[in-house]
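The structure appears below as structure tokens.
Within every chain, numbering begins at 1; the chains are lettered A, B, ... in the order of the sequence lines, protein sequences first and strands thereafter.
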Amino acid sequence: MLDPSLLKNDIDNTAEALVSRGYNLDVDAFKALEGRRKEQQTLTESLQAMRNARSKEIGRAKAEGEDIQPLLEEVAGLSDKIKQAEAALNQILVELEDLQSAIPNLPHESVPLGKSEDDNLEIRRWGESKPNPFKPKDHVDLGQKLGLIDFDLGAKLTGSRFVVMKGAVAQLHRALIQFMLDLHTDDHGYTEVNVPYLVNSESLYGTGQLPKFEIDLFAVNSDPQYYLIPTAEVPVTNFVRNTIVDESDLPLQMVAHTPCFRSEAGSYGKDTRGMIRQHQFEKVELVQIVKPENSYDALERLTGHAEKVLQLLELPYRVVVLCTGDMGFGAAKTYDIEVWLPGQERYREISSCSNLEAFQARRMAARWRNPESGKPELVHTLNGSALAVGRTLVAVVENYQQEDGTITIPDVLRKYMGNKKIIK
RNA sequence: GGAGAGGUGGCUGAGUGGUCGAAAGCGGCGGUCUUGAAAACCGUUGAACCUCGCGGUUCCCAGGGUUCGAAUCCCUGCCUCUCCGCCA
């Protein structure tokens, strides 16, 4: 949600800034609706004020033993009028809310202009893909040859875009999770949290998935309706929904490992091969709740925390800053980290680190008390994958493959795998 | 699943249907005192929205209802706690 005062007082500039990310705000419709709101609110509140004053008078008159009948007659019908006015106002407020909750965040000034991922800007690379003396296989072939990654079984149990990992690959998957959690808690100062995988619609509204992106979610047939989380960002960021955080508790830095569930509506035929795009995958997610003045420093650090995982795994990667047209709905600025996949001979997204500024905080009413103003003010929220576990596993398998199809286990993971050195 | 109790400001906790946005205490902030601190004392201290301002509106878990008027009465839902049953 954008600052409503931007829409009320500076809507033309705001609309222009939104165009850069491909969103066309209907300025005239908004202005008209906002005008109606103002008018109806003034009317409603003056009727309410009248009722309050008269009711007080009646109370006083009754206490003094006066005849209140004339006063009662005077307010007859007022109550109905107020109800009508309130209903009309609520109708307008709902329309305004619908409109406002569908508007994406404004991009930060440092974000490059662009229309699609082709306009994203690479800002650094780390590591080099080892020149292979043999033609590298992709993780599907490798996994099948080892008999440890079974897509057919996943499809039998559930359907397409599900997978079963077995034996040492399942163990590698678990080792990656533990390695990442230990790194972020021990070295980067995050608090590990374990959270629900089902959330309510309020939480999804708070982080921006609802109401606009319901189609991307899996819903559970429950009453009230619950949804499977598409990312740990949802439950963890919502820790601070409707709360005023103590200044001394900021920044909040939390790390969670969860499964993530995505319907992948609209990506039919995309990445159908392999584990890159699954309906269910696991992720280690970083979330920070910070003072506004610190949020861009925090974004750099958070991105660095995600990069550190790849560095320790010695996986080559690059960092790109997303252009205005390619950013997610709530993001003001996003860095994607892309890992080198020899099987595809290209970099693929393995992490996305975003500063949402006050966009989610406003939807969530997540605030802190600023001692300078003495007032509650909105916090800034950030999140980033560190990392997507399934894709990291793919990267390890493909980058550490040997000519005979076996996989060397990265040094930092061996202690989590009984000091095993190789998967064969 | 059965029986009961309860949800009020940062926290604890009062609140006969009518100056209640709400007593009191704690905490926070400011001050007096003190070499400094503590203690004591005095004052102050919820949020959102409308308005240049005066001021106004809304909010006592949520949503409905009764009433001229609801924190207070009624209905529904959600959540918490206690006891019983079941259960990983």
Side-chain angles (χ1 to χ4, degrees), chain A residues 1-9 11 30-31 33-97 99-101 194-206 210 220 222-227 235 238-250 252 259 289 291 358 360-379:
Chain A
M1 188 96 75
L2 297 182
D3 184 347
S5 71
L6 280 179
L7 295 170
K8 286 174 192 166
N9 305 325
I11 189 164
F30 185 87
K31 278 181 178 167
L33 194 56
E34 173 60 18
R36 281 173 56 209
R37 192 227 90 221
K38 212 163 190 171
E39 191 183 344
Q40 188 63 36
Q41 182 166 341
T42 310
L43 173 69
T44 306
E45 290 188 356
S46 65
L47 286 172
Q48 288 169 330
M50 190 186 299
R51 177 198 59 195
N52 291 346
R54 293 300 151 80
S55 292
K56 230 167 224 185
E57 213 177 310
I58 290 171
R60 186 198 51 75
K62 206 174 169 186
E64 291 173 10
E66 293 171 19
D67 179 16
I68 59 170
Q69 200 54 41
L71 287 169
L72 286 180
E73 279 162 19
E74 205 178 317
V75 293
L78 186 59
S79 186
D80 284 341
K81 262 193 209 166
I82 290 175
K83 266 176 197 157
Q84 279 174 26
E86 284 174 343
L89 177 61
N90 280 335
Q91 175 64 36
I92 295 170
L93 289 177
V94 166
E95 283 176 43
L96 261 179
E97 170 96 5
L99 209 68
Q100 287 177 3
S101 64
N194 189 289
V195 297
Y197 305 152
L198 290 169
V199 292
N200 58 33
S201 56
E202 286 84 359
S203 292
L204 287 157
Y205 179 84
L210 289 182
V220 172
S222 61
D223 181 26
Q225 174 116 76
Y226 294 148
Y227 297 84
N238 273 278
F239 277 21
V240 293
R241 173 155 50 89
N242 288 325
T243 57
I244 300 175
V245 186
D246 265 7
E247 189 204 9
S248 60
D249 291 334
L250 294 175
L252 287 172
I289 313 292
K291 296 185 202 174
Q360 294 178 326
R362 189 170 289 111
R363 293 169 87 100
M364 291 191 299
R367 295 167 295 171
W368 66 295
R369 195 172 294 277
N370 185 345
E372 282 176 29
S373 65
K375 293 286 176 193
E377 296 175 11
L378 296 169
V379 296

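- To the nearest whole angstrom, the two P atoms, one in B:rU16 and one in B:rA23, are 15 Å apart.
- Two residues, A:Asn90 and A:Ile244, neighbour RNA chain B, and the one matched to the more 5' nucleotide by heavy-atom proximity is A:Ile244.
- Contact annotation: the side chain of A:Val199 never approaches that of A:Asn238 to less than 4.5 Å [non-hydrogen atoms, C-beta and beyond].
- Base pairing of B:rG69: no nucleotide in any strand meets the Watson-Crick or G-U wobble criterion (both distances under 3.5 Å).
- Of all nucleotides present, only B:rU80 satisfies the Watson-Crick or G-U wobble test against B:rA5, with each distance under 3.5 Å.
- Minimum heavy-atom separation, A:Ala85 to A:Thr44: O-OG1, 3.4 Å.
- With respect to the salt-bridge test (charged N to carboxylate O, under 4.0 angstrom), the residues A:Arg37 and A:Glu95 do not qualify.
- In plain terms, the two heavy atoms of A:Val195 and A:Pro235 that are nearest each other are CG2-CG, 3.7 Å.
- Only the C1' atoms considered, B:rA37 is 45 Å distant from B:rG55, to the nearest whole Å.
- Remark: the separation of the C1' atoms in B:rC52 and B:rG36 is 47 Å, to the nearest Å.
- Considering CZ of A:Phe30 and CD1 of A:Ile11, their distance stands at 5.0 Å, rounded to 0.5 Å.
- Contacts with RNA chain B (heavy atom under 4.0 Å) in residues 33-48 of chain A: A:Arg37, A:Lys38, A:Gln41, A:Glu45, A:Gln48, listed by number.
- Taking atom P on both B:rA24 and B:rG15, the two are 15 Å apart, rounded to the nearest angstrom.
- Without hydrogens or angle criteria, A:Ser46 side chain to A:Leu43 main chain gives a donor-acceptor distance under 3.5 Å.
- In terms of heavy atoms, A:Gln40 sits closest to A:Ile92 at CB-CD1, 3.8 Å.
- The span of RNA chain B lying next to chain A, judged by atoms under 4.0 Å from heavy atoms, is bounded 5' to 3' by B:rG18 to B:rG69.
- Across all their heavy atoms, A:Val240 and A:Ile289 have their closest contact at CG2-CD1, 3.9 Å.
- Spacing between B:rA40 and B:rG25 at atom P, rounded to whole Å, works out to 13 Å.
- Rounded to whole Å, the separation between the C1' atoms of B:rU72 and B:rC60 comes to 10 Å.
- A:Ser203 and A:Arg241 make their closest contact through OG-NH2, 2.8 Å (heavy atoms, listed as atom of the first residue, atom of the second, distance).
- Across all strands shown, B:rC59 forms a Watson-Crick or G-U wobble pair, both distances under 3.5 Å, with B:rG46.
- A distance of about 15 Å separates the P atoms of B:rG13 and B:rC81, rounded to the whole Å.
- Counting only heavy atoms from C-beta outward, the side chains of A:Arg51 and A:Ile82 approach each other to under 4.5 Å.
- Under a 3.5 Å cut-off, the side chain of A:Arg362 and the backbone N or O of A:Met1 do form a donor-acceptor pair.
- RNA chain B is contacted by A:Asn52, A:Ser55, A:Ile58, A:Gly59, A:Lys62 of residues 52-62 of chain A, taking any non-hydrogen atom closer than 4.0 Å.
- One C1' atom belongs to B:rG43, the other to B:rA47, and the distance between them is 23 Å to the nearest Å.
- Pairing partner, B:rC86: none, since no Watson-Crick or wobble contact has both distances short of 3.5 Å.
- Judged by Watson-Crick or G-U wobble contacts below 3.5 Å, the nucleotide B:rU16 has no partner.
- Nearest heavy atoms, A:Arg363 versus A:Ser101: NH1-O, 3.2 Å.
- The nucleotide B:rA39 finds no pairing partner, because no Watson-Crick or G-U wobble arrangement with both distances shorter than 3.5 Å includes it.
- Nucleotide B:rG21 forms no Watson-Crick or G-U wobble pair with any nucleotide shown, as no partner meets the under 3.5 Å limit on both distances.
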